[in-house]
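To start, the structure under review is shown below, and the notes come after it.
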Amino acid sequence: MDGLPAFPGRTDAIEVIQRELTAFARRARGRATELHPELSLVASSILDLVIERDGCLAADLAGHFHLDKSTVSRQVAALEREGYLAREVDPANRRNLLLRATPEGKRIARAAARARADAFAERFRDWDDADVERLAEYLVRYNAADE
């Protein structure tokens with residue numbers, strides 16, 4: 001691949017991957033408020049997962065994102081205050097409260113998703129389709145190893 005560095009070995013390549021993924025995560029957190037000022041990266045991720053699952057428990061969110069329950073609790077409380085999430089009794093276990101996205105939560109999540117999609121499309125504008133598909137496959141494979 002033209003213009004890209006060659007790595008002399010697996011150890012060096014893994015160090016570069018770690019460094020680049022860390023840089024990516026830091027930029028993503030910083031850009032999240034730029035792309036959608038009403039939602040932090042964590043709040044947006046929580047809202048997206050609640051929508052994807054059509055409701056879930058706060059404990060499920062903590063497990064999925066490997067976050068402390070207190071962190072999830074603060075984020076969920078903020079999303080509830082904003083009117084983006086609501087709690088309802090779980091029909092499968094009435095002792096549990098399910099988190100569900102409100103219509104406003106779904107609207108704000110769609111707007112944030114559009115802004116992210118536009119930003120990614122711009123970032124990959126100069127990449128050919130095969131490279132984008134290859135990166136997608138590698139990221140799915142990488143993240144699957146954590147499940």
Side-chain angles (χ1 to χ4, degrees), residues 1-88 90 97-147:
M1 289 187 223
D2 295 330
L4 297 178
F7 304 108
R10 182 181 182 91
T11 300
D12 290 336
I14 289 173
E15 286 179 17
V16 169
I17 291 167
Q18 184 271 327
R19 183 185 69 228
E20 294 300 318
L21 286 176
T22 299
F24 172 83
R26 286 187 179 131
R27 281 194 310 273
R29 277 193 299 274
R31 296 250 5 241
T33 54
E34 178 185 319
L35 291 174
H36 210 285
E38 297 175 61
L39 294 174
S40 71
L41 182 62
V42 174
S44 180
S45 299
I46 286 172
L47 187 56
D48 288 344
L49 188 63
V50 169
I51 291 168
E52 178 186 314
R53 293 186 175 180
D54 192 27
C56 63
L57 303 174
D60 297 336
L61 295 169
H64 181 82
F65 292 115
H66 301 283
L67 293 171
D68 185 78
K69 288 181 183 179
S70 65
T71 300
V72 171
S73 180
R74 283 191 301 275
Q75 293 294 327
V76 165
L79 287 165
E80 286 180 299
R81 275 193 308 277
E82 295 296 325
Y84 302 149
L85 283 182
R87 295 178 193 257
E88 63 183 51
D90 182 353
L97 294 175
L98 283 176
L99 297 168
R100 292 219 191 263
T102 64
E104 181 62 10
K106 290 176 183 177
R107 185 197 67 74
I108 203 81
R110 281 191 306 273
R114 276 192 305 276
R116 284 191 310 269
D118 290 347
F120 272 102
E122 177 60 25
R123 190 71 176 243
F124 292 120
R125 182 189 44 181
D126 296 332
W127 289 42
D128 66 38
D129 292 348
D131 284 345
V132 172
E133 291 168 11
R134 197 172 304 114
L135 177 60
E137 290 169 4
Y138 290 154
L139 289 171
V140 167
R141 183 176 169 190
Y142 176 80
N143 282 325
D146 194 37
E147 293 179 355

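This chain uses plain numbering: 1 for the first residue, then up along the sequence.
- Annotation: side chain to side chain donor-acceptor pair (under 3.5 Å) contacts of Thr11 (sequence neighbours excluded): none.
- The closest donor-acceptor contact from the side chain of Thr22 to the backbone of Gln18 lies under 3.5 Å.
- Among the candidates Leu57, Asp60, Leu61, Leu98, the single residue satisfying the side-chain contact (heavy atoms from CB on, under 4.5 Å) test with Val50 is Leu61.
- Once rounded to the nearest 0.5 Å, the distance linking CH2 of Trp127 with CG of Leu135 reads 5.0 Å.
- Every residue meeting the side chain to side chain donor-acceptor pair (under 3.5 Å) condition with Glu104, not counting sequence neighbours, appears here in chain and number order: Arg107.
- In this structure, CD1 in Ile51 is found 8.5 Å from OG1 in Thr102, a value given to the nearest 0.5 Å.
- Judged as a side chain to side chain donor-acceptor pair (under 3.5 Å), and not counting sequence neighbours, Arg123 has no contacts.
- Separation of atoms CZ (Phe65) and CD (Gln75) is listed at 10.5 Å; rounding is to 0.5 Å.
- Counting only residues at least two apart or on different chains, the salt bridge (charged side-chain N to carboxylate O under 4.0 Å, His left out) pairs with a member in residues 64-80 are Glu80-Arg87.
- Residue Cys56 holds its SG atom at 9.5 Å from CZ of Arg100, rounded to the nearest 0.5 Å.
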Using the side chain to side chain contact (heavy atoms under 4.5 Å, CB included) rule, take Asp131 and Phe124 through it: C-alpha gap first, then chi angles, then the decisive distance, then the call. CA-CA 9 Å; Asp131 284 345; Phe124 292 120; over 6 Å; no

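- Shown here is Tyr138, whose OH atom has no more than 12 heavy atoms of other residues, nucleotides or ligands within 6.0 Å.
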Evaluate the criterion salt bridge (Lys or Arg N to Asp or Glu O under 4.0 Å) for residue pair Glu122 and Arg125; output intermediate values, then yes/no. CA-CA 5 Å; Glu122 177 60 25; Arg125 182 189 44 181; 2.9 Å; yes

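- Not a single side chain to side chain donor-acceptor pair (under 3.5 Å) links Glu15 to another residue, sequence neighbours left out.
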Show me the donor-acceptor pairs, under 3.5 Å and distance only, between side chains in residues 41-49 and residues at least two apart or in other chains.
{"from": "Ser44", "atom 1": "OG", "to": "Arg116", "atom 2": "NH1", "distance (Å)": "2.9"}
{"from": "Ser45", "atom 1": "OG", "to": "Leu41", "atom 2": "O", "distance (Å)": "2.8"}
{"from": "Asp48", "atom 1": "OD2", "to": "Arg116", "atom 2": "NH2", "distance (Å)": "2.9"}

